[in-house]
Amino acid sequence: MSEANPFENAKKQLREVQKILGFSEEDYELLATPRREVSVAVPVRRDDGSVKVLRGYRVQHNWSRGPGKGGIRYAKSVDLDEVRALSMLMTWKCALLNLPYGGAKGGIAFDPAEYSKAEIERITRRYVSEILPVIGPEIDVPAPDMGTDGQTMAWFMDTYSQAVGYTAPGVVTGKPVSLGGSLGRAESTSLGVFLMTKAALERAGVSDLTQATVAVQGFGKVGRDAAVFMHDAGMKVLAVSDVFGAIYNEAGIDVKALGEYVESTGKVVDFPGAEPLDADQLVLLDVDAVVPAAVESVITGANASEVKAKVIVEGANGPTTPEADAILKEKGVIIVPDILANSGGVLVSYYEWVQSRDNFFWDLERVRTAQEKSMMAVWDDVVAFADKHEVTLREAAWAMAVERVLDAHKMRGLYP
């Protein structure tokens, strides 16, 4: 397997946790093996009348602590190993946050940019109908991810509701607020990334956050709002990238102006308030913090030795490979792992699920206050574990999460 294979990387990290916790090989196999994997054909009639058959997946890694929870990804890169890895990460993320969920993930292998809105709706509805037997408010609760959004979740909920014969808002989270979504859900992952960046910089000795410098890789669902939160807190965002390229301004980028520019052009490149930057160099810039908030495996064994930042905050899932992790550990770089750094989304998804079930909705202040309180409490616990056992934050977070999942499994027992 290549260094970039996400499922092999996830299993390697589980091996490292095994060394810390000392659980058996039988327990390792139980934790490493997804409980259910569904692979489906998703035929779609294109607008020109032709039919294209896409491939879709839903993997439920573990449900010892509750129903599956995890996003739906629309991207060309989607394959079974990627979905397996992301479902495993969701298991640990939910356990770390003490949420009553197991981990799941799904996706369809296609580029939504190459399809019309009507085609994407037909793809979504057909995919839902194919995986319908294994999802539900008490079984497995999907959410948006790369390439999907609130509209996708609205189609998802409607298709499921038509099948069961009643409106079932709890089948998904990340819905539009008008359909039972939660205030604060859209920017919740970004807020969490900001909170973890702030905490990690303080741990790294950066006392004046108004002088902190940051580079953000990705200006989409996570990176954009994270950059705005950082900008509003006085941090200097020196570099930003997207799929088209990267930009840099030594004095700091006006993130809000950049957002307006992206609204009109669709990309960050050629923004008049910055100069071009080689996109591969963004994670290697001499800044206080780097926030990889785009895709997997961008910091690898090949470039980790060149990383200059004191802090890396993993806004994306799996942006740092195990080989890179070992190098950065030797360099003393503080890494806030993905299962903590980008956990704000699933945390507020849980709040949304609770609201949908209760038909009682929270105001924005309650959502954000609850999110910050919960995430900072988890941060304190992870730091305390890391310091006590002399391990990295990633090792601490994974060990705490895996131990909770394994304990839940052993308490429930093996049936039959």
Side-chain angles (χ1 to χ4, degrees), residues 75 113 146-147 149 186-187 189-198 200-201 204 206 208-300 302-317 319-320 324 328 333-336 341-342:
M146 183 188 301
D149 56 18
E187 68 275 16
T189 305
S190 305
L191 176 59
V193 168
F194 162 69
L195 292 171
M196 294 300 98
T197 303
K198 179 181 174 183
L201 284 170
V206 181
D208 185 359
L209 292 178
T210 63
Q211 297 302 310
T213 55
V214 186
V216 179
Q217 183 187 55
F219 201 67
K221 196 174 297 183
V222 177
R224 178 171 173 170
D225 283 338
V228 170
F229 282 123
M230 293 170 191
H231 181 268
D232 287 348
M235 299 181 189
K236 293 182 180 178
V237 180
L238 302 192
V240 171
S241 68
D242 61 12
V243 294
F244 302 104
I247 57 173
Y248 176 83
N249 186 332
E250 187 176 11
I253 294 169
D254 184 337
V255 175
K256 292 183 178 178
L258 176 61
E260 294 174 1
Y261 176 81
V262 170
E263 288 291 332
S264 61
T265 66
K267 53 189 177 181
V268 303
V269 293
D270 299 326
F271 175 59
E275 60 189 56
L277 174 73
D278 180 347
D280 291 337
Q281 293 299 306
L282 184 141
V283 296
L284 309 179
L285 289 174
D286 187 6
V287 290
D288 293 315
V290 167
V291 180
V295 295
E296 298 87 354
S297 304
V298 294
I299 303 176
T300 68
N303 65 5
S305 61
E306 300 176 62
V307 169
K308 303 175 187 66
K310 301 180 182 72
V311 166
I312 293 172
V313 181
E314 295 184 332
N317 289 313
T320 311
L328 295 169
V333 177
I334 295 173
I335 301 176
V336 185
N342 64 33

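- Residues Val290 and Gln217 are not in side-chain contact: their nearest non-hydrogen atoms beyond the backbone lie 4.5 Å or more apart.
- Heavy-atom neighbours of Lys221 NZ from other residues, nucleotides or ligands within 6.0 Å: above the threshold of 12.
- The shortest side-chain heavy-atom distance between Asp288 and Thr213 falls under the 4.5 Å cut-off.
- When side chains are defined from C-beta on, Leu284 counts as touching Gln281, because their heavy atoms get closer than 4.5 Å.
- Leu195 places none of its side-chain heavy atoms less than 4.5 Å from the side chain of Phe229.
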*Could you give me the CA-CA distance, side-chain angles and deciding distance for Leu258 and Ile247, then say whether side chain to side chain contact (heavy atoms under 4.5 Å, CB included) is met?*
CA-CA 10 Å; Leu258 176 61; Ile247 57 173; 3.8 Å; yes
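- Annotation for Lys308: atom NZ counts as buried by contact number, over 12 foreign heavy atoms lying within 6.0 Å.
- Considering all non-hydrogen atoms of both residues, Lys267 and Thr265 come closest at O-OG1, 3.0 Å.
- Under the 3.5 Å distance criterion, the side-chain polar atoms of Asp242 are matched with a main-chain donor or acceptor of Val268.
- Although no hydrogens or angles enter the test, the distance criterion places a donor-acceptor pair under 3.5 Å between the side chain of Ser190 and the main chain of Val222.
- In this structure, Ile299 and Pro319 have side chains that are not in contact, with every pair of non-hydrogen atoms separated by 4.5 Å or more.
- Within the 4.5 Å cutoff, side-chain heavy atoms of Met230 are placed close to those of Val193.
- How far CG of Asn342 is from CD of Glu314: 8.5 Å, rounded to the nearest 0.5 Å.
- The backbone N or O of Asp270 sits less than 3.5 Å from a side-chain atom of Tyr261, completing a donor-acceptor pair.
- Asn303 places a side-chain N or O within 3.5 Å of a backbone atom of Val298 that can act as its donor or acceptor partner.
- Between Phe271 and Asp254 the shortest heavy-atom distance is CZ-O, 4.1 Å.
- For the residue pair Ala289 and Leu201, the shortest heavy atom distance occurs at CB-CD2, 4.0 Å.
- When side chains are defined from C-beta on, Gln211 does not count as touching Val206, because their heavy atoms never get closer than 4.5 Å.
- Side-chain contact between Leu238 and Leu285 is absent, with no heavy atoms from C-beta onward closer than 4.5 Å.
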